[in-house]
Number of protein chains: 2
Amino acid sequence: MAKEVIEKIREFNRFYTAVIGVTNNHILQSDYSLTEVRVMYEAYYSPGITARQLTGILQVDEGYLSRLIAKLVKHKIVLKKQSKEDKRIYALELSEKGKQLFSELNRRSSEAIATLIEHLTTEERLELVRLQNGIKNLLTKK
Amino acid sequence: MAKEVIEKIREFNRFYTAVIGVTNNHILQSDYSLTEVRVMYEAYYSPGITARQLTGILQVDEGYLSRLIAKLVKHKIVLKKQSKEDKRIYALELSEKGKQLFSELNRRSSEAIATLIEHLTTEERLELVRLQNGIKNLLTKK
DNA sequence: ATAAATACTTGCTTTAGGCAAGTATTTTGA
DNA sequence: TCAAAATACTTGCCTAAAGCAAGTATTTAT
């Protein structure tokens, strides 16, 4: 396997780790951890999702997740409804307050990205997206 | 600011966060934390670096870093030499053992990347690197 | 010569997150 | 059909990561 190719990919990964760090900074300034925000994200885009499914997606311990969800429920950010068909299962979704918080976090994240690309022309921004899509296509192909 | 562009960049960031997670997995299987390995990285590529400089680069608390360095010194991975000109300062570098460990971690990281791109042709791999360089150039320009 | 600044250390605390045992419920197989 | 196994979640206990703030030693500036 070509050694320089791997080394260059690793270098890009280091570079992009820093980029992601900057754009994730808004979360560190909220009262919630990255994992908690990821739960909000999933609850927002997949309302009705269960703790079980989340452990698979987020790759975190179910005990930890249970407590984490309990916290979000206590803060009235997440709603937890017991399933009628299977009482072991709880459907999760964002409350109105949760949706507001989530959109505020999104707004701040977008701001961080806007800052990142503020010095680029419209053409360059489109080029950036094009390059990113190319990477995603290569790495998810097959 | 074009909303879809930002949304697409955020989507790519989520995607690439997962990619980096997979390729960083090798570190989680070592006896050292991500931050500890980052210290090794800096000590390897910038021998003589100080704790002070590292707090800036790694963005971690200086107290935490102090203990972390003490651990690496205790494990004989990092060497710490007090500066003669300014006794408050200590120059850090990797010991032979540290270099060996670091190269072992590098080897495993490379393996993870190799797996990531194993189904790509040589052409596609070069294309991937080209795309990544394009992104880096755009985001660091000016 | 002393006050302020700098580099690092140390005590204390919080938070993230894992492991394993426990409870309630549902599914399965003799 | 009903006991055993499986599933979904909870809880107690623990460790590691990391921050904050006060402390020490040294250097720099007034």
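For the numbers below, each heavy atom of this structure counts, side chains included, while hydrogens, waters and symmetry mates do not. Proteins come first, then strands; the chains are lettered A, B, ... in the order of their sequence lines, and each starts at number 1.
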Checklist line | Nearest non-hydrogen partners of A:E124 and B:K141, listed with the distance | finding: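 So the minimum-distance heavy-atom pair works out to OE2-NZ, 2.8 Å.
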Rounded to whole angstrom units, what separation is found between the [atom1] atom of [X] and the [atom2] atom of [N]?
X     : N      : atom1 : atom2 : result
A:I89 : D:dA6  : CD1   : P     : 18 Å
B:Q82 : C:dA7  : CD    : P     : 14 Å
A:L65 : C:dG18 : CG    : P     : 10 Å
A:Q59 : C:dG18 : CD    : C1'   : 14 Å
A:Y64 : D:dG12 : OH    : P     : 18 Å
B:L68 : C:dC8  : CG    : C1'   : 14 Å
B:R52 : C:dA5  : CZ    : P     : 14 Å
B:K84 : D:dT27 : NZ    : P     : 14 Å

From the set [options], return the single nucleotide nearest to any side-chain atom of [X].
X     : options                : result
B:R88 : C:dG11, D:dT26, D:dT10 : D:dT26
A:A51 : D:dT26, D:dC9, C:dG18  : D:dC9
B:R67 : C:dT25, D:dC20, D:dT11 : D:dC20
A:S66 : D:dT27, D:dT10, C:dG17 : D:dT10
B:E62 : C:dC8, D:dC9, D:dG19   : C:dC8

Margin query: Please tell me if B:K80 has a side-chain N or O lying less than 4.0 Å from either OP1 or OP2 of C:dT9.
Written below: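 Affirmative; the distance criterion is met.
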Notebook entry, point to check: Taking only N and O in the side chain of A:T35, is any of them less than 4.0 Å away from OP1 or OP2 of C:dG17?
Noted result: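 For C:dG17, OP1/OP2 do have a side-chain N/O of A:T35 under 4.0 Å.
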Item checked: Contact nearer the 5' end of DNA chain C, comparing B:G63 with B:D86 ->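 By nearest-heavy-atom nucleotide position, the 5'-most residue is B:D86.
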Next item on the list: Could you pick out which residue, A:K87 or B:D61, lies toward the 5' side of DNA chain C when each is mapped onto its nearest nucleotide?
Entry: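 Upstream on the strand: B:D61.
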Item checked: Any A:Q132 side-chain heavy atom under 4.5 Å of A:L128 side chain ->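 SC-SC contact between A:Q132 and A:L128 confirmed.
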Checklist line | Earlier contact from the 5' end, DNA chain D, for A:T50 and B:V60 | finding: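 Closer to the 5' end of DNA chain D: A:T50.
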Note to self: Please report whether the ring centroid of A:Y16 lies less than 6.0 Å from that of B:F12.
What the structure shows: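 Yes, the ring centres sit under 6.0 Å apart.
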Next item on the list: Using a cut-off of 6.0 Å, state whether more than 12 heavy atoms not belonging to A:F15 lie near its atom CZ.
Entry: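 Counting other residues, nucleotides and ligands, CZ of A:F15 exceeds 12 neighbours.
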Notebook entry, point to check: How is A:E85 classified with respect to the nucleic acid when contacts are heavy atoms under 4.0 Å: base, sugar-phosphate, or nothing?
Noted result: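 Contact class for A:E85: sugar-phosphate only.
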Notebook entry, point to check: Are A:R108 and A:E104 ion-paired here, with the side-chain N under 4.0 Å from a carboxylate O?
Noted result: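 A salt bridge links A:R108 with A:E104.
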